[in-house]
There are 2 protein chains.
Amino acid sequence: MSQDIKQQISGWIDANREYGTHLLQRLVQSPSLQGEEKAVQGIVTEVLASMGLEIDEWEPGGETFMQHPDFYSNRKDFSGSPNVVGVWKGEGGGRSIILNGHVDVVPAGDRSQWAEDPFSGTIKDGRLYGRGSTDMKGGNVSLLLAVKALKESGIRLQGDVIFESVVEEESGGAGTLAAVLRGYKADAAIIPEPTNMKIFPKQQGSMWFRIKVHGRAAHGGTRYEGVSAIEKSMAVMEHVQRLEEKRNARITDPLFKNIPIPVPINIGKIEGGDWPSSVADLVTIEGRIGIAPDETAEEVQAEFRQWLGELAALDPWFDEHPAKLEWFGARWQPGMIEPDHPLMATLVSQFQEVTGTAPAIEASPWGTDGGMLTVTGGIPTVVFGPGTTEVAHFPNESIELERVFRAAEIIACTVADWCGIKEKQETGGMTKDAADKVH
Amino acid sequence: MSQDIKQQISGWIDANREYGTHLLQRLVQSPSLQGEEKAVQGIVTEVLASMGLEIDEWEPGGETFMQHPDFYSNRKDFSGSPNVVGVWKGEGGGRSIILNGHVDVVPAGDRSQWAEDPFSGTIKDGRLYGRGSTDMKGGNVSLLLAVKALKESGIRLQGDVIFESVVEEESGGAGTLAAVLRGYKADAAIIPEPTNMKIFPKQQGSMWFRIKVHGRAAHGGTRYEGVSAIEKSMAVMEHVQRLEEKRNARITDPLFKNIPIPVPINIGKIEGGDWPSSVADLVTIEGRIGIAPDETAEEVQAEFRQWLGELAALDPWFDEHPAKLEWFGARWQPGMIEPDHPLMATLVSQFQEVTGTAPAIEASPWGTDGGMLTVTGGIPTVVFGPGTTEVAHFPNESIELERVFRAAEIIACTVADWCGIKEKQETGGMTKDAADKVH
């Protein structure tokens, strides 16, 4: 790819920082919590349409989708939660690419821990704040700027670019499943989840579990006559921590070497008891467990079930009242791209060209829609984006705007190199195309 | 009191077992959860009115009540939750007595642990089943049968009998507070809470607390970047268990010698986190702490607050993010009757007369409305009833019907002895009363 084109891209992005910042602000200010994604998808559609992409907007649904073995969601009704795909048809003869980003965001959490409204989009010291800024509307803006930079620089690609703005990533990837089932296919895919500008060829999977811990109710004043499900749930949670240690001790893949807990088990919710002065007879805990790239969901489930079964040996209570394990809601399959896949070489080299440094290459500490694209869609996927996980799902979530532009530039160059550029052939003052038309 | 009268009472109760059983069944089948007590009070009113007692039914409310320093409730609106008082005016010259029982019941809890519907009132092997059967509709039936036995045996008491059927005991005694403020007063009181036929001259108090435990949210896949409020709440709960040990180690009152944990701290509810794959940033735990008969609520609060403050020394997280302690909802003051109060002697002696054995005398493992009657009302109160705490607040709560009748007999004899009986003086074939009328 010529230096000329690189400079065109770089120049366009530098000239459009204000546009990109404003666009990210608009996306963040549209609180696209699960079930409330319609408004933000309207903004994405407007941007894609203004570039002349062919728009496909639809609400996921139907038998094939709902009954698919990879359908995982905590809901069955996706009214008001459309997917949006914009297709930029190439001139032919090039490799195609999917650019995939999700617009759904996790809940804001404890509002008192936010310095400002969680959907403010406030800019301060070069960072834009708000739920979803880093996970992953910042990455989505990198994609939109990349496509717009190519389009408005008059670059004509040989391969197709398929821009997927999906719902449901945070609860299991049903949005991307719907896009796969609608027939969108490409030679490779990039997902700009918050990798902190690292390249993640391997993505761990994860899935949600629920454990029901039983006790025996009693009056709180004679609590010794009951068995507290809250106390028993503490024993269960400690036991689960031991499982996390055991699972992580066996991970040797060097791509995980900088990750403190490669495949974490996170207990994210707890609820139990119904009266302060009664002994609780039921506690429900919910969490997510990481699936290593070389594991299947079924293997992880079997290990977890067996591990919980061992509680009976630690405390006879669990022999008669076993902790009940359920799998529900979200699931992300592990995903990967072969280390020698040509997209990896392209992305690494464009990263170096733009930044002057070599990228860090690691395995992801979380699941992404990359698993769905890889396993269900058969599309090798790499995850690379401008956000940072340190602030994802946090109060005061934010993103460094400079990285959004830098990622946009790297992705634009990668797309151009991957899809191929239809060369402008001078023919008596006319480009080849223009010449074609007059012939 | 003559053997003749004792036999009349005993005979009446034996003859009315079917009536008493049916009455208890009706009371249990009326699910008088907090806010839903109106129907069951209708049944109580019907019984009291049929005996000719003067009925006073009212919904607690008003400034004096709501602003009273001993007002504790998780609600401010008592619509649909009336108190009912029935007064049996004595002939004069005797001591008065309040017979107090609450009709509110705690929630049924996990339905799957109940063999039958929680409000079935099913009878099996001499036990009647259902939420509230032991706590304390069985005791209420003992009271109603006691009064009815005296009434229908034609016994005329010298002192007044004030029957109080109150709401709100399970959430802090606002029903009994309302009765105190309405002016009902007596020389002593009996509350037939489930003492398992033991006599409780001392009743521990208790109050509800809430602890908010803070964490720092993060994505579950990089949970090591956050601080789990669920993990921190486990540390808080263990610390609270140590406080329970410390508080109970110093209790030496022999009335507590058979009670495994004299003043328990029960954590009855926990709730935290809002997404399985996020690190929870807030956990709320709610519970009740016992107040020893020689303590004040304020002393207990100060000790609890200081104890939680010591968490910072165990884990620096709590230095910057202290666990926040609140007092809310229910509170029961500790209560007692002097060991040499004449009602104690009367009750002990009638117990022995009816059962042929000496009663067990202990301190109560829970708060009752006795604290409100003692401290706020200035009415020495003893707690004695047919139910058992082993099944109170439990699934499959039940009561042994035989004990309901036995307690009724003991209470009827105690009331007769305490209030005094207006002797029938034979005057030429007429009773003295009849003679009075013809003179």
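What you see is a predicted model, and the numbers here were worked out from it, not measured in a lab.
Here Ile270(A) contributes atom CD1 and Ile270(B) contributes atom CD1; the two are 4.0 Å apart, rounded to the nearest 0.5 Å. Between atom CD1 of residue Ile289(B) and atom OG of residue Ser277(A) there is a gap of 13.0 Å, rounded to the nearest 0.5 Å. Here Ser112(B) contributes atom OG and His214(A) contributes atom NE2; the two are 6.5 Å apart, rounded to the nearest 0.5 Å. One finds the CH2 atom of Trp275(A) at 5.0 Å from the CD atom of Gln34(B) (value rounded to the nearest 0.5 Å). Rounded to the nearest 0.5 angstrom, Ser233(B) OG and Ile230(A) CD1 are separated by 9.5 Å.
Shown here for Gly215(A) and Gln113(B), the closest heavy-atom pair between the two residues is O-NE2, 3.6 Å. For the pair Pro395(B) and Asp281(A), the tightest heavy-atom approach, listed with the atom from each and the gap, is CG-OD2, 4.4 Å. Considering every non-hydrogen atom in both Ala280(A) and Gly268(B), the closest pair reads CB-O, 3.7 Å.
Interface remark: of the candidates Phe209(B), Trp208(B), Trp366(B), Trp208(B) forms the most heavy-atom pairs closer than 4.5 Å to chain A. No other option in Gly367(B), Gly290(B), Gly109(B) has as many heavy-atom pairs under 4.5 Å with chain A as Gly109(B). Looking only at heavy-atom pairs under 4.5 Å with chain B, the residue among Gly272(A), Gly273(A), Pro264(A) that has the most is Gly272(A). When the candidates Ile261(B), Val106(B), Asp135(B), Asp110(B) are compared by the number of heavy-atom contacts under 4.5 Å with chain A, Ile261(B) comes out ahead. Heavy-atom pairs under 4.5 Å with chain B peak, among Glu271(A), Lys269(A), Gln204(A), at Lys269(A). When each of Leu282(B), Ile285(B), Val279(B) is scored by its heavy-atom pairs under 4.5 Å with chain A, the top score falls to Val279(B).
Only the side chain of Glu231(A) comes within contact range of chain B, with at least one heavy atom under 4.5 Å from a heavy atom of that chain. Neither the backbone nor the side chain of Ser206(B) comes within less than 4.5 Å of any heavy atom in chain A.
In Glu245(B), the CD atom is crowded: over 12 heavy atoms of neighbouring residues, nucleotides or ligands sit closer than 6.0 Å.
Between Phe394(B) and Ser278(A), every side-chain heavy-atom pair lies at or beyond the 4.5 Å cut-off.
The list of salt bridge (Lys or Arg N to Asp or Glu O under 4.0 Å) pairs with a residue in residues 325-334 of chain A, not counting sequence neighbours, reads Arg210(A)-Glu326(A), Lys212(A)-Glu326(A).
Of residues 216-225 of chain A, those residues with a non-hydrogen atom less than 4.5 Å from any non-hydrogen atom of chain B are, in numerical order, Arg216(A), Ala217(A), Ala218(A), His219(A), Gly220(A), Gly221(A), Thr222(A), Arg223(A), Tyr224(A), Glu225(A).
Glu170(A) is linked by a salt bridge (charged side-chain N to carboxylate O under 4.0 Å, His left out) to nothing, counting only residues two or more places apart in sequence or in another chain. Take Asp253(A) and apply the salt bridge (charged side-chain N to carboxylate O under 4.0 Å, His left out) test, not counting sequence neighbours, and it matches Lys202(A).
Between the side chain of Asp274(A) and the backbone N or O of Pro107(B) there is no donor-acceptor pair closer than 3.5 Å.
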